[in-house]
Structures are given as C-alpha cells and as structure tokens.
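Here the structure is laid out as structure tokens; the discussion comes afterwards.
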Amino acid sequence: MTDVPDSYDPEQVEPKWQEEWRGSEIYNPEGEPDYVIDTPPPYPTGQLHLGHALGWSYMDFAARFHRLLGEEVLFPQGWDCHGLPTEVKVEEEENIHRTDVPREEFRDLCVEYTERRIDGMKETMQSLGFSQDWEAEYRTMDADYWEKTQRSFVEMADGEDDYVYRDEHPVNWCPRCETAIADAEVENIDREGTLHYITFPGVDNDDIQIATTRPELLAACVGMAVSPDDERYEDRIGDTFEVPLFGQEVELIADDDVDGDFGTGAVMICTFGDKQDVDWWAEHDLDLRPVFTEDGHLNHLAGDYEGLKIEEAKGLIADDLEAEGLLEDTEPTDQSVGACWRCDTPIEILSKEQWFVEVRQDEILEKAEQVEWIPDHMYDRLEDWTEGMEWDWVISRQRVFATPIPAWFCGNDDCEYVHVAEIGELPLDPTETDPEIDACPECGGEDWEGETDVMDTWMDSSISPMHVQGWPDEEFTPTTLREQGHDIIRTWAFYTLLRVTALEDEIPWEESLVNGMVFGDDGHKMSKSRGNAVGPEEAIEEYSADSVRQALALGGQPGSDIQFQWKEVKSASRFLTKFWNIFQFSADHFDEDTPEIDAPAYRDADKWILTKLSRTADAVEEDMAEYRFDAALRKLREFVWNDLADDYLELVKGRLYEGRPGERDAARKALYTAVSASVRMLAPFSPHFADEVYHYLPGTEGSVHAASWPDVEFADEEAAEKGDLIAEVASEIRAWKSDEGMALNADLDRVEIYSEYGREWDTYDLSEAVNAPVYPEAGEPNVELVPVGIDPDHSQIGPQFRDKAGQVIGALESADLTQLKNQKEIEGEISLTVDGEEVTIEGDAVGIEEEYRAESGEEVEVLETDRATVLVFP
RNA sequence: GGGUUUGUGGUCUAGUUGGUUAUGACACCUCCUUGACAUGGAGGAGGUCGGCAGUUCAAAUCUGCCCAAACCCA
C-alpha cells in the first residue's frame, strides 16, 4: 500500500467526509430503532456555542458507539422555534410592533426569521461532524408539530384526569414582554435597593412604622403584619391604620412568616409585591387592590399617580411621603428581585385569568425516580425543584409566535362557557376558525370568540420524546436517552416528565445524561466582555472538528463543568498526527491479503499486543456504555500511543522489514488487527479521521460508521506477561542508551536476561529492537547481589499486627538486611523481637530489595526492571 | 440563609470497594535527526491530595467542623 498520503490534512478531509455522509444513509435507522435519543431541540438563536457542542458531542459519541454495537440508532434533530426572543428580534428588524400587522403576517415574519437562524446552526452542527438523522428533523413551529402540541393540550384538558384548567390566579408577569410567565422563567437577581421607613398613622391609636423597598405599592396596600412573637406589637394586633397618601384603612394582623428582625418588624401587605403577599392575601382573606397595569404603569387606583411607570412612581411617592413627614428614614439594602429570564426586567405579580396545568408533584417524582440520572445526583436537583413548586404551571402567554390554544369563549357576554376543540379539528387557530359545534351547550349562543392567548413554548418542547417516538400514530414507548445541560433540569426535564406522565403514564426516557457548563480558557464563564468566548467554528478552523470533539470529551467526566482549553485541542490534534503516522507506517506493510492472513504464527510480542488490545477494547466499551467518554478516550489514547506505537511497533520493525514470510505475516496480521480495532474505537470521537483511515485500510468496505465494534477476543496471559517483560526490557535498554549518550540503534555485544521465565520466551523481536543478541537465562546472574532495603506488604502486616504494625515495620527497617534475607530464604519466615516480644512474619509479607553490582572492572552494565535483571555487554 | 457539587505539582485532569513509590496531558529543563512520526523519542525537576480534628495498624479515599469556588433555590 503506497497510496496513503504522507500527512493528514483535516481541512481537506473533514469537509469531504461531511459531504459524503450527507449523501448516504448511514445515519438513518432501519426499521424499529433500538437506541433512541430525545435530542434537545435548541432555540434557534443562530449561534451554536461550545455548550451546545459539548452536549451534542456526548450524544454523537453515544449514537456512533451504539451504531458500532450493531444497534439501530435514532438521533433526530428538532428546533424549539416559538418564543418571545424571536418576536422581539423581528420587531427590531422590521421596525414594527407586533400589533401593527395582522397576527398571521407577524407569524410568517417570525417563521422566516427562524428558518434563517436554523440554517446557521445546522451548518455548525455539520461541521462538527454530528450524525443526526436529518430525515427525522422537526420544527415545533410547523403545523404537523403544533397539531401534536394542541392534541396534547386537548387530551390533558378533556381527559378523565383533567390537568388543564382556566382560572383567575396571581401569576408572574413580565411588564416589558406583557405576558404571564411560569416560575421556571423567573430568575432572581441580586441588587441594592432602598429600604423606606414609612409611618402609617393610627386610626384611634398610635402610629406604626413599617419598612419597605417598594413605596410605589402603597396604593395596593391591603394589610399590615407583624410576627405573633414580637413583643413590640403584642397589644396592637387588630388595630387599624391609614395608608399614607392613599387613605385606605388597613388592619394589623399577626403571621408567623413575618421576619421580626427585618426593618421595624412590621410589613405592609400589598396585592402583590411578591409571593409572600399572595400567601398572606389568600390566608387572611384580604381585599384585592391591583394597581399595576400589564405594561408596568400605575392605574386609576393610584389616584394622582395614575399613568406613571413603576420606577417613576417609586421616586415620586417617596418624595411626597417625605414632604408629608411620613418618611422616617431610608437606607440601602441588599435585595433579591424576580426578573424575566428573557429580558431581565423585574417581574410583577398580577392576578389574571389564565390557563394552567396542574402540577402533581408525587406522580412526577415517582416517574423521575425510575429514570437513570447520570450523574445520579442530578435527580436531587429535579426533586428539590419539584418539591418546591408552589404554583401550578401557567401555560397561557399573551403573545403571537407560539402554538395557539385551541379554545373559544361563548360570545354571549352573560355566558362563561369555554369550549376546547375536539382532536379531529386540529390543527387550528381559534382566532381564524370557529368550532365545529354549533351552539353553546350552556346558553345556546352561536357566536364564538377565539382564544388569542397562545401556549408557553415548553408546551411544545415537553412532548419531544413523544414526537420522536411517532406519537400519536404509534404507541409510546420511552426513549433511551435524554441529554441536556443541568441548567434546564427545572424547565425542560421537569415539564417533559410532567407531560409524558400525564399523557402516557410512562417515563419519557430511560437515561438522563446531564452535561456541565463549558467555561473559557481562564476558568470563567464565557462572555464577550471578558474576551474568553470561543466559538466552535474558530476552534475547528484552528485545529479541526475531530480535535475539538476529543478536547470536549477529555474536559472532564460527563456532568462536571469543563474548561475549554486550547492545549487540549492541540494535544488531540497531535494525537491524530501520531495515529496517522502509525497508520502510514503500518499501511506500508499491508497489502490486500493482510486481513485474510490465516493461522498466523504469532510470537510473544504479537500475542502480547493482541491481549492488550482485547483488554483495551473491553474497557473502552464498558466506559462508553456508561457514558464515561473521558475515561474511554484516555484508555484508547494510551493504548495507541504507549503500547502500540512506542512499544509494539518498535519491537516488530525488524520482523516487518527483514523477517521470514511467516514471521512477517504474524506481525502484519497483529498490527492490522490493532490498527483496525483502534480506528473503530476512535470513530465515535473523531469520525472524519476514522473514516479517512478506514477507507485506506485494506479489506474494508464502506464507512467506518457502518462497521462494528472490535471483537478481539484474545487472551494469552502468559504471552502477555512475557510481552510485558520484552517491552520493559526494550524500554529499559533504550533509556540506558539514552543516558549513555548512545544512539538508540547502536549495536551491543550481547544482552543477558535473568527472569522467572528462564529460557522459555521469545527473544527475536527484542533482539531486533535493542540491536543485540539476546540470551534469556535462568537462575541468578553471576554478579554480586546486595540487599539494599525491605519492601513490606502492608496489606498483610497491617491486619496481622494491628496496632503493632508500625513497630513491626520499624523493626524490619532497622534489622540487618542480610540476616532478614537468610531467614526468609531458609525458614520461609522472619522472626523479630518487637517491644520485648518475639513475633513471626510470613516470608511472603516482606520483600527484600536487592541490587546487582557488577564486579569492578568488568565490562558489563546491570539493569533492573520489575520482571528481570538485565546484563548488558556493550 | 438552605441545598447540590467541586477543591490533587505552574495549568487542566484520573484515582473503582481505605493498602507500598498518587495518573496522564500541557508548560518547563537536559539530551537525541535511529529505516512512521522533531506535531517525534529518551531522561529530569516540580505535589503538606483546600485547612483542622477524628475513625483506623493504614486516609487523596471514610466521618465531623472550617475555608474557598460554581450552580440551583429562598
């Protein structure tokens, strides 16, 4: 084989194979798949970042590995299209407000925009060599997908279980996005606020002071509260006070949840400042005085302040309190405020009529426990989040670009009937279509008003495993794997568990593999302002996709955060070069018949490398099956570099160049087996490189990704031991030559090797490797033997002597070495006096370290390895 | 404030049920063009395994406390 290029050029090779794969069907499963990935449908931001690259690499490693095992793998790719950020971008780009154009037109603009974004991300995915089945691509904005979302809604609304309901209830509200949002979409941000000490004049009693960071909520004040244990207010429970500036009268109540140490120990209760207010309001049956509008202004209940923005009102009201002499003091305070995770605007809590999905914690957790979480502590996160859920999931959004809620309201103002569509009517947009039923079953009215609210996008993505499994046409069976970042456990994983449990009473996936975050080279979160952000494209261009993938695999074990390091990418690229050179050298000795070499006369070195290969393949397979990609790749690299290249290749060079046909064939066959197996094991990590090598390898047909996992059952323990001896001696002599300043191929007069294998081993390859005649010898070399120390076996001496073990070791160390040696050799045990007592130690438990010393003046060098004593005659 | 996770040579990282000399990579120093590879080879220096206490004959590993960081939650 001489047509193998001298060097490996990923810039040319990678695009070539990507093109090849695109035109083939190797990533499309045939028939019923065995291994199904519920790929996270990313939000089409247009940019695939390294965090995505990590998650997708994990999935691709798993997909390719399972294909090599002969499984039919379904690795689809979806896109979670709907959502606010796109609406905002489109508004910016078109310079319009979404209400400026008809809903349908605005939706079309969003679709068009999303398509462009998807294309960009797809390109990066392909340049990273991911092996999705693009025939199974889906987009949640397509009608055939959101038909499923609507169907799932209808089933959950109509089913006996009745998960979906409509109600007025306080919800998180983003005043900028002007929509309700779910708990999962609220993020807490820490900031410094101002604590206002405000006097509430007493009605027929003394004044009281409260502390609040939100004076703009005075208009919404419906009560005051103190801790029941607070002695300062012991006699004042039930007293009435007047709300400053606004005049409504409120009562002081006692509640355990008041923190008496904060501010003055008295707080005002408003509708609503936070969730705590909601609790108090519900528990003490207080009035509802909502003062905020949906777009973040004050309404008529705020009197003169009507129309002001919330932030403006805060300042003005504080000023006016000051003017009235009711603002006692202000001080800075650290506060944590809920904010919209999409735009960081502080959220408000408004009481609104919305659609909800009931959260049934127990049944979600029951299913979550049946999922295998990798790493398993990720289950705890889900459990914590689930148990901490206080409110049901609000699924309606006051937006446009999302799945329409298939429901209508009776057009008769006096009738409150709400009609949910039948499954047969779907997909539909209720703002454009009337229901199939004619008359309202309650009032007989025939006019219908379509629901303009749309669904939370998590309603789309939380049925992804069902979509992937062909629901509703096919009966649902759990997918095999869900891979995702730990940041979306509380959202996507949670909602998916909720939905699949509700709809199918099944787990969505058997295994949930969680990836960590990817940090920059400096160990910090990647950010543009920090200047440590790296995109996949940049890294590919610098070193190759195959190297980036290896660097991601080796960054740490799945689940832990990893640091993106250029040096790892670089060392991966060096490994590929090394592997290429090994292959190139090997290929020189291969021909078309090499794979067919039958009954080769393997020598010890061959049996040794095959045994090592077999062990490596087993270990790597085990790691891959457990998603320990880091360990798998590390073991593979060590085998290829240390065992195959450094040791085996050096040993068999002589045989390959000058051996007799039979001897040569054995080496060629063993080498072929090792290279062929290694390249297949590398295929999940570096698929382009692997295909390139595989394609040049004789006896192969088609892609390495359609090949099978190496099945090298070779176990010759004795040959493995002898091979270790050979490799060890070769390496020791190489090191010695290096130390002596000799050329590594310098010839030697002869080498004698004394080992437990005596004369019963194969010296041919070693002799070639060290360039000297090699004489295996039994017995002891004829040189002076000097004991230099002891090597106690703590695992024997420890348990035997317990608390005396330290003294025993001490006695051994100070004993006369020659005497110890004699005792051990003659009696098989060692007797010592320890602390005035006679103790006896098994001979096995004490190793005697000895060194051979050449007689002075003799032309011989004595080298010691673990398994042998080597006499080198230069 | 609560929870989860992490802390190993300059940097990143491995270490399965406690057991001799703690893994590898990168960087660093010295030497070497030998018939795959100088993107290579051989050798070397560099660690109180975050700290303190405890359990044990024996702790990177188990327990407790403390410190630091990341994430999640309040």
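Only this structure's heavy atoms are used, side chains among them; waters, hydrogens and symmetry mates stay out. It should be emphasised that the depicted structure is a prediction, and the values quoted were computed from it without experimental measurement. A note on names: the letters A, B, ... follow the listed sequences, proteins ahead of strands, and every chain is numbered from 1.
For the pair A/Lys653 and A/Ser573, nearest-nucleotide mapping onto RNA chain B gives the more 5' position to A/Lys653. Nearest-nucleotide mapping onto RNA chain B: of A/Asp793 and A/Ser731, the residue sitting toward the 5' end is A/Asp793.
Here, B/U5 and B/U63 have their P atoms 11 Å apart, quoted to the whole Å. B/G7 and B/C12 have their P atoms separated by 12 Å, with the value rounded to a whole Å. Separation of the C1' atoms belonging to B/U20 and B/U61 is 16 Å when rounded to the nearest angstrom. Comparing B/G9 with B/G44, their C1' atoms sit 14 Å apart, to the nearest whole Å. Of the P atoms belonging to B/U33 and B/G24, the separation is 27 Å, rounded to the nearest Å. B/U11 and B/G47 are spaced 14 Å apart, taking the C1' atom of each and rounding to whole Å.
Look at CH2 on A/Trp736: it is 18 Å from C1' on B/G41, rounded to the nearest Å. B/U34 atom P lies 14 Å from atom CG of A/Asn771, rounded to whole Å. The interatomic distance linking A/Arg734 (CZ) with B/G40 (C1') rounds to 13 Å, in whole Å. Rounded to whole Å, atom P of B/U5 lies 15 Å from atom CG of A/Leu382. Rounded to an integer number of Å, the gap from A/Phe583 CZ to B/C37 C1' is 15 Å. In this structure, A/Leu649 places its CG atom 14 Å from P of B/G35, rounding to the nearest Å. In this structure, CG of A/Leu633 is placed 13 Å from P of B/A14, rounded to the nearest angstrom. In this structure, A/Gln550 atom CD and B/U39 atom C1' are separated by 14 Å, rounded to whole Å.
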For nucleotides 69-74 of chain B, list the nitrogen or oxygen atoms of the protein found under 3.5 Å from its nitrogen or oxygen atoms, one pair per line.
{"from": "B/C71", "atom 1": "O2'", "to": "A/Arg381", "atom 2": "NH1", "distance (Å)": "3.1"}
{"from": "B/C71", "atom 1": "O2'", "to": "A/Arg381", "atom 2": "NH2", "distance (Å)": "3.4"}
{"from": "B/C73", "atom 1": "OP1", "to": "A/Arg490", "atom 2": "NE", "distance (Å)": "3.1"}
{"from": "B/C73", "atom 1": "OP1", "to": "A/Arg490", "atom 2": "NH1", "distance (Å)": "2.3"}
{"from": "B/A74", "atom 1": "OP2", "to": "A/Asn188", "atom 2": "ND2", "distance (Å)": "3.0"}

Hey, what are the protein-to-nucleotides 56-60 of chain B N/O distances that come in under 3.5 Å?
{"from": "B/C57", "atom 1": "O4'", "to": "A/Arg802", "atom 2": "O", "distance (Å)": "2.3"}
{"from": "B/C57", "atom 1": "O4'", "to": "A/Asp803", "atom 2": "N", "distance (Å)": "3.1"}

Produce the list of close N/O pairs, under 3.5 Å, pairing protein atoms with atoms of nucleotides 23-29 of chain B; give distances to one decimal.
none

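A donor atom on one side chain and an acceptor atom on the other are found under 3.5 Å apart for A/Asp522 and A/Asn532. Between the side chains of A/Gln563 and A/Asp521, no donor N or O sits under 3.5 Å from an acceptor N or O. In the model, A/Asp183 has a side-chain atom that pairs as donor or acceptor with a side-chain atom of A/Asn172 under 3.5 Å.
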Assess whether salt bridge (Lys or Arg N to Asp or Glu O under 4.0 Å) is satisfied between A/Asp618 and A/Arg615, documenting all intermediate values.
CA-CA 5 Å; A/Asp618 289 347; A/Arg615 289 181 192 157; over 6 Å; no

Determine whether A/Glu663 and A/Arg655 satisfy the following criterion, salt bridge (Lys or Arg N to Asp or Glu O under 4.0 Å), listing intermediate values before the conclusion.
CA-CA 7 Å; A/Glu663 297 164 338; A/Arg655 197 146 38 106; over 6 Å; no

Any chance you could lay out the side-chain contact (heavy atoms from CB on, under 4.5 Å) test for A/Phe585 and A/Leu656, step after step, and finish with the verdict?
CA-CA 11 Å; A/Phe585 167 82; A/Leu656 286 169; 3.9 Å; yes

Would you check, one step at a time, whether the test salt bridge (Lys or Arg N to Asp or Glu O under 4.0 Å) holds for A/Arg734 with A/Asp647?
CA-CA 11 Å; A/Arg734 265 203 309 267; A/Asp647 291 335; 3.6 Å; yes

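Aromatic ring centroids of A/Tyr672 and A/His589 lie 6.0 Å or more apart. The six-membered or imidazole ring of A/Tyr58 lies near that of A/Phe629, with a centre-to-centre distance under 6.0 Å. Ring centers of A/Phe685 and A/Phe61: under 6.0 Å apart, within the cut-off.
In terms of phosphate contacts, A/Lys737 brings no side-chain nitrogen or oxygen within less than 4.0 Å of OP1 or OP2 of B/C32. Of the side-chain N and O atoms in A/Gln557, one or more sit less than 4.0 angstrom from OP1 or OP2 of B/A14.
Residue A/Ala645 is in base contact, counting any heavy-atom pair closer than 4.0 Å across all strands shown. Here A/Gly516 lies out of heavy-atom contact (under 4.0 Å) with every strand. At the heavy-atom level, A/Glu650 lies under 4.0 Å from base atoms of the strands shown. Contacts of A/Tyr657 with the nucleic acid, taken as non-hydrogen atoms under 4.0 Å apart, include base atoms. Residue contacts for A/Gln800: at a heavy-atom cut-off of 4.0 Å it reaches no nucleic acid atom on any strand shown. Counting non-hydrogen atoms under 4.0 angstrom, A/Pro375 reaches nothing in the nucleic acid.
Take A/Trp641 and apply the ring pair (Phe, Tyr, Trp, His ring centres under 6.0 Å) test, not counting sequence neighbours, and it matches no residue.
Smallest separation of non-hydrogen atoms from A/Tyr379 and A/Glu369: OH-CG, 3.1 Å.
Among the duplex regions that RNA chain B forms, those built from at least three successive Watson-Crick or G-U pairs under 3.5 Å are B:1-7 with B:67-73, B:10-12 with B:24-26, B:28-32 with B:40-44, B:50-54 with B:62-66, ordered by first number.
Considering only side-chain atoms of A/His377, the nucleotide from B/C12, B/U39, B/U4 that sits closest is B/U4. For A/Arg628, the listed nucleotide lying nearest its side chain is B/A14; candidates were B/G40, B/U11, B/A14.
A cation-pi arrangement is present between A/Lys275 and A/Trp391, with the terminal nitrogen or guanidinium carbon under 6.0 Å from the aromatic centre and inside a 45° cone about the axis.
Ring pair A/His52/A/His49 is parallel by interplanar angle, where below 30° counts as parallel and above 60° as perpendicular.
Here CG of A/Asp606 is found 12.5 Å from CG of A/Leu613. Values are rounded to the nearest 0.5 Å.
The list of side chain to side chain donor-acceptor pair (under 3.5 Å) pairs with a residue in residues 539-550 of chain A, not counting sequence neighbours, reads A/Asp60-A/Arg549, A/Ser544-A/Ser547, A/Asp546-A/His688, A/Gln550-A/Arg637, A/Gln550-A/Ser686.
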